[in-house]
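Naming: A, B, ... by sequence-line order, numbering from 1 per chain. Every heavy atom of this structure was used, including side-chain atoms; hydrogens, water molecules and symmetry mates were not.
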There are 2 protein chains.
Amino acid sequence: MDKKDLEILQILQKDASVPLSDLAQAVHLSTTPCWRRLQKLQEEGVIRQHVVLCDPARLNLGLTVMVTLKAAQHNEKWMQKFITGVKDIPEIVEILRMSGDIDYLLKVHVPDMAGFDLVYKKLVKVADLQDVSSSFVMEVIKSTTALPLDYAILKSGKN
Amino acid sequence: MDKKDLEILQILQKDASVPLSDLAQAVHLSTTPCWRRLQKLQEEGVIRQHVVLCDPARLNLGLTVMVTLKAAQHNEKWMQKFITGVKDIPEIVEILRMSGDIDYLLKVHVPDMAGFDLVYKKLVKVADLQDVSSSFVMEVIKSTTALPLDYAILKSGKN
DNA sequence: GGTGAAATTGTTATCCA
DNA sequence: TGGATAACAATTTCACC
């Protein structure tokens with residue numbers, strides 16, 4: 001990976017609908033090498049997915065809730081039960097296992113409080129939980145899928 | 001928006017690189033009406049962006065940190081200072097203003113602890129903060145940009 | 001690695017049911 | 001609204017630096 005690859009990623013992380021010809025021009029390349037770089041980035045798994053991002057408000061998802069919880073038991077069996085039970089709930093878009101005081105942090109998209117209550121009830125049925133706590137998102141100040149590229153390890157010294 | 005629109009979104013939220021002809025076939029339509037629906041979904045702002053998702057690990061972003069913090073002052077001036085200062089830090093990919101005990105929740109991507117410390121120092125310089133607390137992500141169990149579509153309000157009764 | 005152009009495939013516009 | 005076709009633009013492959 002070199003500087004041009006990062007330039008390509010920078011653009012595509014913001015807008016993947018740009019034609020290859022425009023992308024190539026932006027990184028001062030012709031289409032073929034630019035295309036080959038793209039292929040390589042996908043094969044290597046640097047680029048994982050091509051997706052569209054939807055507006056939660058337009059899909060009647062006006063409420064975002066962050067749920068923190070502790071496991072009732074700390075063993076493999078509990079963890080498996082919890083993960084398999086929670087993973088397929090579509091309203092839960094993110095499940096992070098955390099260090100420190102809290103075991104898991106979940107992000108939940110629902111239309112409203114009533115909708116959240118339904119998900120909450122589903123959640124507590126999955127496995128024994130301790131200290132379930134819900135915080136509601138008042139305002140999304142920033143939200144991006146674009147990762148910082150400044151730390152990527154470059155192969156060639158040519159910048 | 002009707003059921004076919006949701007089917008289109010369902011597919012594109014997982015993979016936006018499918019050719020229009022395949023997409024059309026999947027929703028039992030020919031390319032033209034499928035294309036028109038896509039255009040409309042974009043114009044209406046249901047589809048916000050077309051992006052590629054990258055693998056943090058491959059970009060040397062091995063550490064994800066969730067930072068919670070309280071404002072030192074609760075006024076518009078402080079908020080403006082905080083937001084403008086934090087928004088442009090590329091390692092901070094998400095800033096949520098929360099209800100309850102904690103004022104803000106941030107998501108930070110960095111290579112390692114040393115990298116986080118640098119961002120942390122940047123962060124505390126921006127504005128006066130109270131109770132800054134960092135939790136480290138041990139494992140990403142689920143992470144998707146695909147929103148649940150079951151709550152969308154359908155215009156036509158034809159399913 | 002890079003270029004330019006040909007072959008292939010996908011997208012957009014026009015028109016008709 | 002949906003479908004067929006044609007015009008257009010894009011991507012992928014190829015032979016050659």
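For B/K142 (side chain) and A/I92 (main-chain N/O), a donor-acceptor pair under 3.5 Å exists by modelled atom type. In this structure a side-chain-to-backbone donor-acceptor pair under 3.5 Å is present from A/N60 to B/Y151. For the pair B/K107 (side chain) and B/M66 (backbone), a donor-acceptor distance under 3.5 Å is absent. Between the side chain of B/Q13 and the backbone N or O of B/L147, at least one donor-acceptor pair lies under 3.5 Å.
Remark: the B/E43 side chain and the B/Q39 side chain contain no N/O donor-acceptor pair separated by less than 3.5 Å.
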Review item, nucleotides 2-6 of chain D N/O atoms under 3.5 Å of protein N/O:
| unit_1 | atom_1 | unit_2 | atom_2 | d |
| --- | --- | --- | --- | --- |
| D/dG2 | OP1 | B/R37 | NH2 | 2.9 |
| D/dG2 | N7 | B/R36 | NH2 | 2.6 |
| D/dG3 | OP2 | B/S30 | N | 2.9 |
| D/dG3 | OP2 | B/S30 | OG | 3.3 |
| D/dA4 | N6 | B/T32 | OG1 | 2.6 |

Under-3.5 Å N/O pairs linking protein and nucleotides 6-10 of chain C:
none

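Going from atom CE of B/M1 over to atom C1' of D/dT1 covers 18 Å, rounded to whole Å. A/I8 has its CD1 atom 13 Å from the C1' atom of C/dG2, to the nearest Å. Taking atom CG on A/L38 and atom C1' on C/dG2, their separation rounds to 16 Å, with Å as the unit. Taking atom CD on A/Q39 and atom P on C/dG2, their separation rounds to 15 Å, with Å as the unit. Between the NZ atom of B/K3 and the P atom of D/dT1 there is a distance of 18 Å, rounded to whole Å. Note: CH2 (A/W35) to P (C/dG4) measures 18 Å, nearest angstrom. When the C1' atom of C/dG2 is taken as reference, atom NZ of A/K40 falls 14 Å away, rounded to whole Å.
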Intra- and interstrand pairs of DNA chain C - dot-bracket, Watson-Crick/G-U under 3.5 Å, | marks other strand
||||||.|||.||||||
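Nearest heavy atom pair, residue A/V110 against residue A/F116, reads CG2-CB, 3.7 Å.
In this structure, A/Q80 CD and A/N75 CG are separated by 10.5 Å, a value rounded to the nearest 0.5 Å.
Here A/E7 pairs with nothing under the salt bridge (Lys or Arg N to Asp or Glu O under 4.0 Å) rule; sequence neighbours left out.
Under the 4.0 Å criterion applied to side-chain N and carboxylate O atoms, A/D2 and A/R37 are assigned as salt-bridge partners.
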Please output the side-chain donor-acceptor pairs of residues 119-139 of chain B that fall under 3.5 Å, not counting sequence neighbours, one pair per line with the distance.
| unit_1 | atom_1 | unit_2 | atom_2 | d |
| --- | --- | --- | --- | --- |
| B/K121 | NZ | B/D117 | OD2 | 3.0 |
| B/E139 | OE1 | A/R97 | NE | 2.8 |
| B/E139 | OE1 | A/R97 | NH2 | 3.1 |

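Through direct or indirect side-chain contacts shorter than 4.5 Å among Ile, Leu, Val, Met, Phe, Trp and Tyr, B/V51 is connected to A/V51, A/L53, B/L53.
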